[in-house]
Structure formats: structure tokens, C-alpha cells
Amino acid sequence: MRIVALAGGIGGARFLRGLKEAVAPGDEITVIGNTGDDIHLYGLKVCPDLDTVMYTLGGGIHEEQGWGRTDETWSIKAEMKEYGIGPEWFGLGDRDFATHLVRSQMLSAGYALSQVTEALCVRWQPGVRLLPMSDDRVETHVRITDEEGTRAVHFQEYWVRLHAAVDAEAIIPVGAQAAKPAPGVLEAIAAADVILFPPSNPVVSIGTILAVPGIREAVAAAKAPKVGLSPIIGGAPVRGMADKVLAAVGVAATADAVALHYGAELLDGWLVDTADAAVTAAVEAGGIRCRAVPLLMTDVAATAGMARAALELAEEVRAS
Ligand code: GDP
Ligand code: CA
């Protein structure tokens, strides 16, 4: 079976770890990763979501934090600070720096991001085929108004420095309209037996992937059953500030509103948490099959159970 999953960082990566446990030997997983969170720092290209997937599946992730390397040290950051060079709010540890150095070196030698990602994965062996959504530069910006006035800030500044404390007025995936899907992305979607939407951020992770012209259309046209898992439980994101960016696109932070935001064009099935069992009827009224199952990724076994439930719902769709 060929499984395609669209994924952001932490929520996506943790789900994929469970999915790997749930699939049968010989099944292939292709992950289309969000690159709208990418940021250039110190002349280096940093791809937080791709790296979170790669480190999580490759055994190098800082478990508690959910991003960055395990056993990290911070000498480079401290030295940069002595020179008065920031940003202080973005955490790049010494081990992590090596990844960004290799990536940036390969990019300046002329390799595409998809080729670089493949090369980095030779070390990490994530057990999935990891494709960036695009080789072209896309950067999500967020329009905010604060004491400095109305302006657009990089998504990382909004999320990491400002902790999404001010309202997001608009989410702008800068460069997305001119971006092309990376090699293999459309082919993987067309050839998929199942397409999964992990519990990733629907706006700034999955929404950004779908904003690359061709990807949304390919998912909508794919013959495979498409099943998603809600990142919202009981009216709030499990982790992070997804409610802020959902509000910016006029979507309520509820499990049913997120499903209807994707819509029946993109989704055949949707899993909500048992705490949200009451909303299944509203989702089904939108033409999307809906089941309530436990959706907390407390450990790999629980997450594998979620992945199995998603694959079962896909089978149910296929059989219908
Ligand atoms: P990011 O790039 O690191 O923000 O990661 P993603 O976009 O992949 O995922 C973020 C989303 O994961 C957030 O909206 C969370 O609500 C969701 N999430 C995190 N942990 C869990 C969990 O245990 N269960 C569910 N259902 N969603 C989760
Ligand atoms: Ca992200």
C-alpha cells in the first residue's frame, strides 16, 4: 500500500511515528512536508518542519521539546550573543547547526531542496520518503497590529518570539503562488492508495502545502480515500496556538469546523477525539464520514492506534 501524508512539524512527526508502527511490512509512506516555516538565519537555510519529521522518525529528536536535537549544546548561540548577533528567540543548537550547514552548503552548490532533504535522510533513515512540498522558496508571514503598527512578520517571529499573543489578521504564504510542487509530489499523490492529513496545523502547515498550485487540485482529484485527524480536541489545539491562525482564516477552533474548512472535496473521512463525539453528525452532514476515537498522542502505541483507525476509515470509504 502506498500512503501519502501531508505534514507539519511536531503534530505531523509524532503521528508519522505511530503510522510507521501501524502499517504492514512493504507499505510505503511518502511524506509531503511543509516548508512555509523555513527561515534564513546567519546565511543558513533552516527547515523546521522537515527537520522535526526527520529527527523524530530518525531517533534524533529532543523528545520533551518536540523540536531540535537530543543532547543539544548551545556554544554557537552563546558565541553569537557575544558578538551581539541574534535572534535570541530562535533556538539553534550546535548539533542542529550541522544540519543547516550541510543543507546550505548543498543548496549553494546548486542542489534542490528535495535532493538535499534526501541526502540528509541518508543519515537519519526516517523510514519514509520525505519530500518538501516545493523546492521553491515559500515563507509564511503573518499580519499583525501591535504598538509598532500594522505589519507582516515572519511566521517564526509570530509563533516563537511573540507566542501568537497578538491576533493574526492574515496568513500570507509568500512565494506560494509562484512555487511548483517538488519533483515526486504530484506523482505520489496520484499514485497513492490512501492520503492522510495528520493532526497538523490546518492553516500554517497543511494549508501552506495546499497553497502550492497543483497540490490541492491533485489531492482533490486523487482516487485514493482521504482521511484526516483533528488537531483540535474539545475546542482547543492540543499543543500550540492553532486557534490564532484558524481565527485569521475565519474558522472556529473546533474539530468539526476544521473538517468543514478542508471540505468534502479534500476529505472523505475525519477522525475526532471521543471528547468531540457530539460533532460527528455535523461533519457527516458536510459529506465527510466521521468517527470519534481517542486522539491524544500520549505514546507511540496510542498514536499507532490512531493511525490504524484512520486506515480503517479509509478502507470503509474505499468499500463504500
Ligand atoms: P508544528 O509545525 O510543530 O506546529 O506541527 P504540526 O503543524 O504538524 O502540528 C501542530 C498541531 O498538532 C497543533 O495544532 C496541535 O493541536 C496538534 N497536536 C499536537 N499533539 C497532538 C495530539 O496528541 N493529538 C492531536 N489530535 N493533535 C495534536
Ligand atoms: Ca511548523
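We use all heavy atoms of the structure for the numbers below, so side chains are in, but hydrogens, waters and symmetry mates are not. What you see is a predicted model; the values in this text were computed from it and never measured.
Of all the heavy atoms in Leu57 and Lys20, the pair that sits closest is O-NZ, 3.5 Å. Minimum interatomic distance between Val283 and Leu260 (heavy atoms only, all atoms of both residues): O-CD2, 4.3 Å. Taking all atoms of both residues into account, the shortest heavy-atom contact from Leu266 to Ala220 is CD2-N, 4.0 Å. Considering every non-hydrogen atom in both Thr52 and Gly9, the closest pair reads CG2-C, 3.6 Å. Closest approach of Ala182 and Ser114 over heavy atoms only: CB-CB, 4.4 Å. Looking at every heavy atom in both residues, Ile288 comes nearest to Gly263 through CD1-C, 3.8 Å.
When side chains are defined from C-beta on, Leu101 counts as touching Leu44, because their heavy atoms get closer than 4.5 Å. For the pair Trp67 and Asp96, the minimum side-chain heavy-atom distance is 4.5 Å or more. Residues Ile144 and Val153 have side chains in contact (heavy-atom distance under 4.5 Å, counting atoms from C-beta outward). In this structure the side chain of Pro132 reaches within 4.5 angstrom of the side chain of Leu50, judged on heavy atoms. Looking at Thr140 and Ile171, their side chains come closer than 4.5 Å, going by heavy atoms from C-beta outward. Contact annotation: the side chain of Leu196 approaches that of Ile3 to within less than 4.5 Å [non-hydrogen atoms, C-beta and beyond]. Side-chain contact between Ile189 and Ile32 is present, with heavy atoms from C-beta onward closer than 4.5 Å. Taking the side chain as every heavy atom from C-beta outward, Asp37 and Gln156 approach each other to under 4.5 Å.
At distances below 3.5 Å, at least one donor-acceptor pair connects side-chain atoms of Trp270 with backbone N or O atoms of Ala255. Looking at Asn34, its side chain does come within 3.5 Å of a backbone N or O of Val204 through a donor-acceptor pair. Between the Gln125 side chain and the Val122 main chain, a donor and an acceptor come within less than 3.5 Å of each other. Distance alone, capped at 3.5 Å, is enough to place a donor-acceptor pair between the Thr254 side chain and the Ala257 backbone. Between the side chain of Asp193 and the backbone N or O of Arg2 there is at least one donor-acceptor pair closer than 3.5 Å. Ser104 contributes a side-chain N or O that, together with a main-chain N or O of Lys45, makes up a donor-acceptor pair within less than 3.5 Å.
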Compile the donor-acceptor pairs under 3.5 Å between side chains in residues 293-304 and protein atoms, sequence neighbours left out, one pair per line.
from	atom 1	to	atom 2	distance (Å)
Asp299	OD1	Ala301	N	3.2
Asp299	OD1	Ala302	N	2.7
Thr303	OG1	Asp299	O	2.7

Report, one line per pair, each donor and acceptor closer than 3.5 Å where one atom sits in a side chain of residues 77-90; sequence neighbours left out.
from	atom 1	to	atom 2	distance (Å)
Lys77	NZ	Glu88	O	2.7
Lys77	NZ	Phe90	O	3.2

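Arg69 pairs by the side-chain hydrogen bond (donor to acceptor under 3.5 Å, both in side chains) definition with nothing, not counting sequence neighbours.
When each of Glu284, Glu312, Glu315, Glu316 is tested with Arg289 by the rule salt bridge (Lys or Arg N to Asp or Glu O under 4.0 Å), just one qualifies, namely Glu316.
Surrounding CD of Gln105 are at most 12 heavy atoms belonging to other residues, nucleotides or ligands under 6.0 Å away. Shown here is Tyr111, whose OH atom has no more than 12 heavy atoms of other residues, nucleotides or ligands within 6.0 Å. Heavy atoms of other residues, nucleotides or ligands lying less than 6.0 angstrom from CD of Glu72 number more than 12.
A perpendicular orientation is assigned to the rings of Trp124 and Tyr55, their planes being inclined by more than 60° (bins at 30° and 60°). Using bins of under 30°, 30° to 60° and over 60° for the plane-to-plane angle, the ring pair His141/His154 lands in the tilted bin.
We find that Arg151 and Glu169 are not joined by a salt bridge, their nearest charged nitrogen and carboxylate oxygen being 4.0 Å or further apart. Between Asp136 and Lys180 there is a salt bridge, with a side-chain nitrogen of the basic residue lying less than 4.0 Å from a carboxylate oxygen of the acidic one. Under a 4.0 Å N-O distance rule, the pair Glu187/Arg129 does not qualify as a salt bridge.
No continuous path of hydrophobic side-chain contacts links Val219 to Val227 [ILVMFWY only; heavy atoms under 4.5 Å]. With hydrophobic clusters built from ILVMFWY side chains whose heavy atoms lie under 4.5 angstrom apart, Val194 does not share a cluster with Ile215.
Note that NE2 of His100 is 10.0 Å distant from OH of Tyr42, once rounded to the nearest 0.5 Å.
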Phe155/Thr208 under side chain to side chain contact (heavy atoms under 4.5 Å, CB included): CA gap, chis, key distance, verdict: CA-CA 12 Å; Phe155 171 73; Thr208 309; over 6 Å; no

